[in-house]
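Values below: every heavy atom of this structure, side chains too, minus hydrogens, waters and symmetry copies.
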Amino acid sequence: MAAAPHSHHTPVGAAAATSAAVSMPCCSSASCYDDKDGDPSSSWSLSSPRRRQPYRRLLRDEAQRLRRARRSQGPGADTPRWVRRTTDQMARYIEDDRAGHVYGRHVVAAVRAVRATASRPSADMRQAMASFVTRLTFREMCVVLREQRGWRQARDFFAWMKLQLCYEPSVVAYTVLLRLYGRVGKVKLAEETFLEMLQVGCEPDAVACGTLLCAYARWGRHEDMMLFYSAVRGRGLVPPISVYNYMISSLQKQKLHGKVIHVWKQMLEAGAPPNQFTYTVVIGSLVKEDLLEEAVDLFGEMRRRRFVPEEATYSLLISASSRHGKGEQALRLFEEMKGQGIAPSNYTCASLLALHCKNEDYPKALALFSDMESSKVIPDEVIYGILIRIYGKLGLYEEARQTFGEIEKAGLLNDEQTYVAMAQVHLNAGDCDRALEVLESMKTRGVKPSRFSYSALLRCHVAKEDVVAAEDTFRALSQSQHGLPDAFCCNDMLRLYMRLGRLDKARALVSVLLREDGFQLDENLSTTVMEFYCKSGMVEDAEKLLEDIQRNRKPVKVPTLLLLVEMYARNRPSVVLEERSSSRALGSSAASVALNSLLDMPGGLSSVSLLISRLAREGSTDEARFIYDQLTELGTKPDDSAVATLIVQYGQAKQLERAQELFDSASASFPDGALVCNAMVDAFCKCGRAEDAYHLFMEMADQGSYRNAVTASILVTHLTKHGKFQEVENIMHGCFRDEVQLDTALYNTFIKSMLESGKLHSAVSIYDRMVSSGVSQSMQTFNTMISVYGKGGKLDKAVEMFAAAQELGLPIDEKMYTNMLSLYGKAGQAGIKRRL
């Protein structure tokens with residue numbers, strides 16, 4: 001059998017404390033090798049026939065006799081009552097081995113004699129044991145060896161033991177000595193002892209090999225342990241489950257989780273039955289290796305074998321499930337744990353609270369906190385910190401402040417993350433000064449800041465737009481991390497520079513980010529850098545950034561591509577020719593590629609349409625038209641709202657020809673656009689082409705297209721201004737006939753147009769229709785109707801309109817008072833005029 005190497009080894013570190021759940025039969029006494037006492041040929045026939053039976057043996061024999069007497073009597077047998085021992089009998093039962101009743105008084109004397117040599121460094125074992133020559137049997141010498149506490153005494157006694165006539169090489173004695181050496185860390189002596197056992201012809205068994213394996217495990221000699229284990233398995237020996245438990249426990253304490261899993265698989269192949277402790281350790285290592293599925297499967301096997309998991313096992317699986325986004329599995333495990341009657345720990349509750357906070361399921365988080373209080377689970381600072389963050393996200397800033405104050409009064413305020421959580425609550429509330437006060441108080445109380453507190457401090461200075469303080473914090477954060485801060489902090493700093501127009505500093509920061517080895521731009525930072533490139537017109541840099549993102553197989557998001565398209569649009573040639581060739585200017589091919597990528601994404605077309613609308617409203621009609629032309633060439637129609645917005649902006653800029661061209665293009669490529677037609681009507685009106693607007697509006701009516709009330713109101717206003725009242729009546733009757741949904745503004749426009757045309761009866765009928773349709777009246781409605789009745793000489797009706805406006809609680813403006821005063825003056829009612 002392969003033996004341990006001869007070379008000298010230095011023990012690695014201090015011994016890890018042995019877990020209470022791990023039993024060590026491999027390191028137990030020689031009773032692991034019990035044979036029949038009466039067989040003289042056996043190596044275990046060492047007891048003297050003249051020795052009287054000890055008190056423990058008498059009790060055991062009596063219990064066996066009673067069991068044999070009851071065995072054939074059936075379930076109705078009379079079971080004798082337990083014999084009640086006296087105090088003296090119980091003391092004798094406990095101390096019988098100390099009095100020499102188990103092994104004999106001479107064995108106890110031998111044990112004491114060997115131990116006494118520890119106080120005499122120069123003592124000779126032969127002289128100390130001279131009186132015991134020929135008095136001890138081999139079995140009794142093994143007992144004396146096992147009872148030694150010092151390794152030197154055990155070594156010297158074993159050397160004396162080998163000189164006795166009754167000694168014969170046995171694996172038992174060597175195993176006892178291996179156990180003693182392993183317990184004190186004399187691994188080198190243990191290896192030499194094991195080699196000696198092989199040289200004298202003793203075949204090591206599973207207990208002896210397990211003892212040396214445990215010695216390796218206890219003192220961190222894991223490489224030697226694994227090498228020796230391979231040799232043991234090569235001999236076909238299977239260590240006891242307690243040895244496997246010791247091995248995997250030692251590996252796990254050194255965070256060698258991969259080797260724990262390897263030993264676990266070897267154990268299953270060897271057929272060693274795992275126990276509860278084995279499952280607990282292996283599940284913990286699987287979780288640490290992010291093998292959650294395997295850990296859950298092993299947990300299920302553990303439950304099927306009727307082992308009750310510990311709270312720590314449940315806690316590990318719940319925390320890992322939460323981190324991997326499997327919230328339902330975490331909640332199911334928590335409910336199962338409560339069903340087993342296992343009280344959750346603070347760590348378990350903190351994991352679930354963090355899960356609810358991540359899922360924004362704040363009612364469940366608060367309900368769990370209430371359950372903790374009812375179950376008398378005392379929250380720690382971590383749980384209070386999570387509760388503060390929940391209050392902050394719910395906008396309950398006062399509750400968050402009260403909780404923070406309670407933690408401070410209770411003396412639990414020691415964790416940096418609690419300060420950061422409270423500072424973040426103040427930041428969300430827009431109170432940067434209080435956030436800074438919290439972080440400053442953390443420093444004054446001696447809490448060492450880390451990147452978390454520096455990041456929060458940076459967010460405070462960014463929110464206050466304090467560039468100098470932000471730069472100092474960013475520099476301190478870089479020094480604490482020995483490199484650039486994380487992408488989130490870099491993004492905050494870059495956005496601050498861009499917001500304040502410090503483009504030179506922004507350019508320098510971007511250069512540092514791209515030069516830093518190993519620094520990865522996340523999605524938000526990539527978008528910010530792309531936005532900077534686009535605003536600065538750095539086309540080549542933006543294209544290079546896009547290539548880097550695609551080369552690293554990172555998903556390109558819609559905002560990034562939108563920025564790229566906007567950059568191409570803003571950096572087209574300054575003069576856009578009227579011919580179609582203008583759309584193939586610089587950047588058109590690259591813009592087409594970006595647009596194609598956008599159109600393949602969910603919501604891409606609507607995002608491009610919103611970009612066209614935004615550019616048009618900003619007055620960047622050329623850029624908006626560039627993107628529209630690119631979409632048209634790709635055979636894609638933008639949303640009608642985008643085209644309509646662009647046409648309206650052309651109308652406001654008095655660029656009717658461009659509006660007409662865009663309208664014709666949109667109508668030819670994508671007909672039946674009601675919004676586009678309404679926008680063109682509006683453009684005609686703003687350019688003083690009311691007649692063209694009227695004809696287009698009537699064409700829409702003939703085609704059954706949707707007519708916008710706002711567009712109709714604008715058109716009627718312009719027709720009225722140009723005295724085209726017949727056209728107004730045609731529009732009005734068409735809207736009534738087709739049951740177009742009219743609003744208050746359009747009714748007011750119709751009434752005012754009839755007033756100016758002198759058709760007062762039509763104005764009254766329109767008002768009556770407005771009231772019967774349930775459309776609300778405005779101050780302009782009543783003011784116009786007062787003018788209608790006043791012009792018709794119906795003062796009483798005008799007074800009724802004025803009273804109705806007052807009853808509705810409308811604020812009577814100066815114009816209505818002036819109107820009424822004018823009517824009363826014309827009627828000659830001076831007294832009423834004075835009251836007004």
Checking [X] now: which residues fulfil ring pair (Phe, Tyr, Trp, His ring centres under 6.0 Å) with it, not counting sequence neighbours?
| X | result |
| --- | --- |
| Tyr397 | none |
| Tyr314 | Phe299 |
| Tyr244 | Tyr229 |

Can you tell me which residue pairs pass the salt bridge (Lys or Arg N to Asp or Glu O under 4.0 Å) test with a partner in [range], sequence neighbours excluded?
| range | value |
| --- | --- |
| residues 410-423 | none |
| residues 275-291 | none |
| residues 490-500 | Glu465-Arg499, Arg495-Glu531 |

Please table the atom pairs, donor to acceptor, closer than 3.5 Å between any side-chain atom in residues 340-360 and protein atoms at least two apart or in another chain.
{"unit_1": "Ser345", "atom_1": "OG", "unit_2": "Glu311", "atom_2": "OE1", "d": "3.2"}
{"unit_1": "Ser345", "atom_1": "OG", "unit_2": "Glu311", "atom_2": "OE2", "d": "2.9"}
{"unit_1": "Ser345", "atom_1": "OG", "unit_2": "Thr348", "atom_2": "N", "d": "3.4"}
{"unit_1": "Ser345", "atom_1": "OG", "unit_2": "Thr348", "atom_2": "OG1", "d": "3.2"}
{"unit_1": "Asn346", "atom_1": "ND2", "unit_2": "Ile378", "atom_2": "O", "d": "3.1"}
{"unit_1": "Tyr347", "atom_1": "OH", "unit_2": "Ser319", "atom_2": "OG", "d": "3.2"}
{"unit_1": "Thr348", "atom_1": "OG1", "unit_2": "Glu311", "atom_2": "OE2", "d": "2.5"}
{"unit_1": "Thr348", "atom_1": "OG1", "unit_2": "Ser315", "atom_2": "OG", "d": "3.0"}
{"unit_1": "Ser351", "atom_1": "OG", "unit_2": "Tyr347", "atom_2": "O", "d": "3.0"}
{"unit_1": "Asn359", "atom_1": "ND2", "unit_2": "Leu355", "atom_2": "O", "d": "3.4"}

Chi angles and distances behind the salt bridge (Lys or Arg N to Asp or Glu O under 4.0 Å) call for Lys364, Asp361: CA-CA 6 Å; Lys364 284 187 179 180; Asp361 196 349; 3.7 Å; yes
Pair Thr527, Asn524: side-chain N/O donor-acceptor within cut-off below 3.5 Å: no
Under the salt bridge (Lys or Arg N to Asp or Glu O under 4.0 Å) test, residues paired with Asp472 that sit two or more places apart: Arg475
Contacts of Glu335 that satisfy salt bridge (Lys or Arg N to Asp or Glu O under 4.0 Å) - sequence neighbours left out: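 Once residues adjacent in sequence are excluded, the partners of Glu335 under the salt bridge (Lys or Arg N to Asp or Glu O under 4.0 Å) criterion are Lys338.
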Any residue meeting side-chain contact (heavy atoms from CB on, under 4.5 Å) with Glu398, in chain and number order, not counting sequence neighbours: Arg401, Gln402
Lys255: partners by side-chain contact (heavy atoms from CB on, under 4.5 Å), with sequence neighbours left out: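 By the side-chain contact (heavy atoms from CB on, under 4.5 Å) rule, Lys255 matches His257.
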Side-chain ion pair, Glu618 and Arg614, N-O less than 4.0 Å: yes
Side-chain donor or acceptor of [X] paired with backbone N/O of [Y] under 3.5 Å:
| X | Y | value |
| --- | --- | --- |
| Asp380 | Ile383 | yes |
| Ser285 | Val282 | no |
| Trp219 | Val187 | no |
| Thr313 | Pro309 | no |
| Ser250 | Tyr246 | no |

Crowding at CD, Glu223 (>12 non-hydrogen neighbours, <6.0 Å):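 No.
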Please output the side-chain donor-acceptor pairs of residues 419-428 that fall under 3.5 Å, not counting sequence neighbours, one pair per line with the distance.
{"unit_1": "Tyr419", "atom_1": "OH", "unit_2": "Arg445", "atom_2": "NH1", "d": "3.2"}
{"unit_1": "Gln424", "atom_1": "OE1", "unit_2": "Arg459", "atom_2": "NE", "d": "3.0"}
{"unit_1": "Gln424", "atom_1": "OE1", "unit_2": "Arg459", "atom_2": "NH2", "d": "3.0"}
{"unit_1": "Gln424", "atom_1": "NE2", "unit_2": "Asn428", "atom_2": "OD1", "d": "3.2"}
{"unit_1": "Asn428", "atom_1": "ND2", "unit_2": "Gln424", "atom_2": "O", "d": "3.4"}

Side chain to side chain contact (heavy atoms under 4.5 Å, CB included) between Leu291 and Ile261, intermediate numbers included: CA-CA 10 Å; Leu291 300 174; Ile261 299 171; 3.9 Å; yes
Test log, rule side chain to side chain donor-acceptor pair (under 3.5 Å), inputs Arg507 and Tyr497: CA-CA 9 Å; Arg507 185 176 295 104; Tyr497 286 145; over 6 Å; no
